[in-house]
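Inspection log for the structure reproduced underneath, given as structure tokens.
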Amino acid sequence: MTRRHTDRLALPAPAADPVPADLAASWYAGLSTARLRDRPVALQLFGRDLVAWRERSGRAVVAPRYCPHQGVSLALGKVDDVGLRCPFHGWRFDGSGACVRIPGSARIPATAKLTPYPTVERYGYVWVWYGTAEPLFSLPDFPALAENRDRYVGFRYTDRSTGTARQLLENAFDYYHFQTLHGLSLDHTEFRMLRDQSEAADNGSPIDSPAWLGAWFEGIATPGHPVRDPARWGMAKAATFAAGDAFQLLVDGWPGGQRFTGYVDGKEFFKVLLAITPVSERVTTQVGWAGTPRTGRLRTLFNLVMLYGQSRAGTRQDIPIYDTTEAAAGTLRTPYDNGVAHFRRYYQSWVGKVETTPAPVRSRS
């Protein structure tokens, strides 16, 4: 005798999946566009097992990984003209998460569905919204990888850390560590939080308020000591700093990423897009792109090599700090901690917007 599907056969909801503590509601880089082709992809994000696939229309979908029928990984399935096909019993799920076909059954249980995350595909990544059912702001603009991409040449990067998303992002507002950790010898420094988005126009179009936060940093290279510890920075000091040169950094962003423009004596030297991929508790990846303006073949190549060297050297110094720091510890008391304190208040306000959603209910045939 064939057992029919009924809602009465629904199993109790499983325990909620663990999520990284104090993760802000935001857009996050889920995976690179290059990874998502004609087959589903298994990924872990927000401490949850997810599956990503591309509909026949080309739209990227990210949803819970396991089939609500018998818990089979949908990442082992295939994508056809109907939807994502479960490899075990052939259930099909469309881009909205609805089960649209069950072989051998004319009736589809109400619980036969997935709950996809909102996604946007841009700048070489599939961005995934976390924290609420619908996004609270639009994914920010980054012209250097959109309408202005022909003006820049750059490289992508991926760095894994056991630090938290907040730690990786607040680094840009901790200007004093540029001198102590990264060896910049600066005779004079200025740091201020931005109050108006027009001050961050070089980074791109305004970010939806109140998701926006920005800052400006300027340092003057100490005469005779433009960069301390040349073993770390190599020839980069010849490309960027000389005695008396001013280095300026414009940073703004949203709770899950940042945009940067760097200048030397007011002339643009680089742009950076930094995004966070919160894998699980104390496993975080920062990904993104860094590039320099095209200014002539040889000069552009030289600047790109210098930018790559600085970027990678700085990251090699930062990551061990993140990996060995207690995220909840620390007392902010000195004047140069004001930027970090401001960032933490802003970030925590977006942690507070996260809604707790129930885990999906599974049904059994």
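What's counted below: heavy atoms across the whole structure, side chains too, no hydrogens, waters or symmetry copies.
Separation of the Trp127 and Trp27 ring centroids does not fall under the 6.0 Å cut-off. Under the 6.0 Å cut-off for aromatic ring centres, Tyr117 and Phe46 qualify, their centroids lying closer than that. The aromatic ring centres of Tyr130 and Trp350 sit 6.0 Å or more apart. A ring-centre distance under 6.0 Å is not found for Tyr263 and Phe269.
Although no hydrogens or angles enter the test, the distance criterion places no donor-acceptor pair under 3.5 Å between the side chain of Thr300 and the main chain of Arg297. Looking at Glu281, its side chain does come within 3.5 Å of a backbone N or O of Ala21 through a donor-acceptor pair. Between the side chain of Thr285 and the main chain of Arg160, no donor-acceptor pair closer than 3.5 Å is present. Remark: side-chain polar atoms of Ser311 are not paired, donor with acceptor, to backbone N or O of Leu307 under 3.5 angstrom. The main-chain N or O of Arg151 is never found under 3.5 Å from a side-chain atom of Asn148 such that the two would form a donor-acceptor pair. A donor-acceptor pair under 3.5 Å is formed between the side chain of Arg65 and the backbone N or O of Leu43. Between the side chain of Lys271 and the main chain of Asp202, a donor-acceptor pair closer than 3.5 Å is present. Asp141 contributes no side-chain N or O that, together with a main-chain N or O of Gly204, makes up a donor-acceptor pair within less than 3.5 Å. Using modelled atom types, one side-chain atom of Glu199 and one backbone atom of Asp196 make a donor-acceptor pair closer than 3.5 Å. Of the possible donor and acceptor atoms, one in the side chain of Tyr346 sits under 3.5 Å from a partner among the backbone N and O of Ala211.
Here the side chains of Glu55 and Val61 are in contact, with some heavy-atom distance below 4.5 Å. Counting heavy atoms from C-beta outward, Arg192 and Leu194 have side chains that approach closer than 4.5 Å. Counting heavy atoms from C-beta outward, Ile321 and Asn171 have side chains that stay 4.5 Å or more apart. In this structure the side chain of Arg344 reaches within 4.5 angstrom of the side chain of Val340, judged on heavy atoms.
Heavy atoms only, all atoms of each residue included: Phe173 and Ala215 are closest at CE2-CB, 3.6 Å. Contact detail for Gly154 and Leu304: the closest heavy-atom pair is CA-CD1, 3.8 Å.
Hydrophobic clustering, with ILVMFWY side chains joined whenever heavy atoms are under 4.5 angstrom apart, groups Tyr347 together with Val354.
More than 12 heavy atoms of other shown residues, nucleotides or ligands fall within 6.0 angstrom of atom OH in Tyr157. Surrounding CZ of Arg37 are at most 12 heavy atoms belonging to other residues, nucleotides or ligands under 6.0 Å away. A 6.0 Å sphere centred on CZ of Arg294 holds more than 12 heavy atoms belonging to other residues, nucleotides or ligands.
Using modelled atom types, one finds a donor on one side chain and an acceptor on the other under 3.5 Å when comparing Glu121 with Thr33. Between the side chains of Thr334 and Asp337, at least one donor N or O sits under 3.5 Å from an acceptor N or O. Looking at Tyr152 and Glu268, their side chains do bring a donor and an acceptor atom within 3.5 Å of each other.
Here Asp80 does not pair with Arg85 in a salt bridge; the nearest charged N to carboxylate O distance is not below 4.0 Å. Taking a cutoff of 4.0 Å between a charged side-chain nitrogen and a carboxylate oxygen, Arg56 and Asp38 do not qualify as a salt bridge.
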For this session: For salt bridge (Lys or Arg N to Asp or Glu O under 4.0 Å), just list the numbers for Arg312 and Asp159, CA-CA rounded to whole Å, side-chain angles, deciding distance to a tenth of an Å, and then say yes or no.
Result: CA-CA 10 Å; Arg312 297 298 83 202; Asp159 305 301; 2.7 Å; yes

